[in-house]
Visitor: 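Structure incoming, see below.
Keep in mind that what you see is a predicted model, and the values were worked out from it rather than measured. Ligands are counted one by one from 1 in listed order, and the atoms in each one are counted from 1 as well.
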Amino acid sequence: MTTALHDKFARLGLESLYSEEACRELEAEFASIRALKKEHNAILLAHNYQRPEIFEVADFVGDSLELARRAVDVESDAIIFCGVHFMAETAKILNPSRKVILPNLNAGCSLAEAADAEAVVARAEELRRTYPDLAIVSYVNTTAAVKAVTDVCVTSGNAVRIVNSLPNSAVLFIPYKNLAAYVQENTSKKIIPWEGDCYVHHQMKPSDILDVKKNFPDAKIMAHPECRTDVLGIADAVLSTAGMIRYAKESPATEFIVVTECGLSDRLLMEVPEKKFYKSCNLCRYMKMITLADTKRSLQRMAPEITLPADIIEKASGSILRMLELSA
Ligand code: 13P
Ligand code: SF4
């Protein structure tokens with residue numbers, strides 16, 4: 001007998017990844033996870049790049065900005081964060097009295113690793129000799145320590161708007177050169193990039209996307225602003241992960257090529273089942289470190305917990321709250 005979950009995944013074209021047997025086991029795991037969440041008064045937040053089975057047990061799924069906004073309002077005792085380390089840190093900074101659990105502490109991010117707080121402060125001091133009103137703007141894909149030395153944080157969904165709203169004429173943009181280049185194209189301010197890379201988006205090339213487009217000429221290309229400038233140049237829309245879901249729902253188009261981490265294609269299939277999505281994507285090994293088994297284990301143990309020094313929480317919250325105010 002087929003399960004409701006298998007029927008659902010089959011309708012989404014995911015049956016080769018989720019056999020009937022696997023779906024039966026997953027449904028039993030979902031029941032235990034839901035019971036554990038209730039027992040520990042925990043809420044499960046998940047990023048759009050997580051696995052389909054994580055979406056099924058999440059209380060809220062979103063992009064970095066939506067997850068930060070949701071974290072502020074959490075009243076449950078604990079947040080189980082299915083995403084990467086800097087996102088769980090952001091939740092802790094915004095709601096420090098809650099216990100924040102990241103099911104696998106190794107789930108990092110190549111961008112967050114690219115900038116360290118001391119180097120950022122030193123570079124800003126050097127640049128202020130030439131640009132006295134320089135602002136330090138950090139993508140949320142940074143460590144809490146970097147956020148603590150930052151004037152304002154941004155996400156992919158609000159970077160251009162926030163940079164344009166600042167009174168400063170020059171910006172040190174941490175930690176990603178591709179996102180800095182995208183912001184530079186959309187502002188008259190001087191943007192000085194940091195040389196970090198998202199290894200997932202930086203590998204994507206126009207030729208790979210155009211190969212997919214040859215087979216689906218009517219499909220709209222949706223690309224994440226973390227992609228290279230030449231990739232953004234051939235995109236019909238440049239959007240955050242949540243922006244892609246909204247665009248796919250609202251656009252009259254019925255076919256889309258998804259240029260970002262592959263988890264978003266699964267999320268689009270689940271959120272907009274009436275339309276077609278073609279992958280021109282890469283997997284993020286960090287996002288995929290979070291498994292359902294780890295999630296269940298973390299709820300059983302209520303660990304591993306994200307902890308941060310009080311002074312870092314206080315300083316970092318300033319730059320994130322400023323972002324939330326400016327993008328309200
Ligand atoms: P979003 O804010 O668009 O979800 O992006 C987060 C991220 O890590 C992209 O690689
Ligand atoms: Fe970091 Fe890139 Fe993975 Fe996003 S996709 S978490 S930016 S390594």
Visitor: Counting only heavy atoms not in E274, do more than 12 fall under 6.0 Å of its CD?
Guide: yes
Visitor: Between T155 and ligand 1, find which residue part has any heavy-atom pair under 4.0 Å and reply side chain, backbone, both or neither.
Guide: neither
Visitor: Taking 2.8 Å as the limit, list every protein N, O or S atom around atom 1 (Fe) of ligand 2, by chain and residue number.
Guide: C109 SG
Visitor: For Y49, take its heavy atoms, then give the atoms of ligand 1 lying under 4.0 Å from any of them.
Guide: 7 (C), 9 (C), 10 (O)
Visitor: State yes or no: are the ring centers of Y278 and F216 separated by less than 6.0 Å?
Guide: yes
Visitor: Mind checking whether H201 has a heavy atom under 4.0 Å from ligand 1?
Guide: yes
Visitor: Using only heavy-atom distances, determine whether the side chains of T155 and S64 contain a donor-acceptor pair under 3.5 Å.
Guide: no
Visitor: Where the closest heavy atom to atom 1 (P) of ligand 1 is concerned, which of A159, S156, A242 has it?
Guide: S156
Visitor: Heavy-atom contacts with E226 under 4.0 Å: which atoms of ligand 2 show up? List them by number with element.
Guide: 2 (Fe), 7 (S)
Visitor: Using 4.0 Å as the upper bound for N to carboxylate O, is an ion pair formed by K249 and E271?
Guide: yes
Visitor: When you measure from the side chain of K275 to the backbone of A248, do you find a donor-acceptor pair of N or O atoms at a distance under 3.5 Å?
Guide: yes
Visitor: At what distance is the nearest protein heavy atom to atom 9 (C) of ligand 1, and which residue and atom is it?
Guide: E226 OE2, 3.1 Å
Visitor: If you count the atoms of ligand 1 from 1 in the order shown, which ones are under 4.0 Å from a heavy atom of D63?
Guide: 1 (P), 2 (O), 4 (O)
Visitor: Between M244, E261, H224, flag the one that comes closest to atom 5 (O) of ligand 1 by a heavy atom.
Guide: H224
Visitor: Which atom names give the shortest non-hydrogen contact between C82 and I54, and what distance separates them?
Guide: CB-CG2, 3.7 Å
Visitor: How are the rings of Y286 and Y199 set relative to one another: parallel (under 30°), tilted (30 to 60°) or perpendicular (over 60°)?
Guide: perpendicular
Visitor: I want to check a possible cation-pi pair here: R267 against Y49, using under 6.0 Å from ring centre and within 45° of the ring axis as the test.
Guide: no
Visitor: Please identify which atoms of ligand 1 are closer than 4.0 Å to at least one heavy atom of S240.
Guide: 3 (O)
Visitor: I need the nearest protein heavy-atom contact for atom 6 (C) of ligand 1: residue, atom name and distance, please.
Guide: S64 OG, 3.4 Å
Visitor: Just go through N141, V154, T241, L179 and tell me whose heavy atom is the nearest to atom 8 (O) of ligand 1.
Guide: N141
Visitor: Would the SG atoms of C198 and C109 measure under 2.5 Å apart?
Guide: no
Visitor: Is R246 salt-bridged to E66, going by a charged N under 4.0 Å from an acidic O?
Guide: yes
Visitor: Should we count NZ of K177 as having more than 12 external heavy atoms under 6.0 Å?
Guide: yes
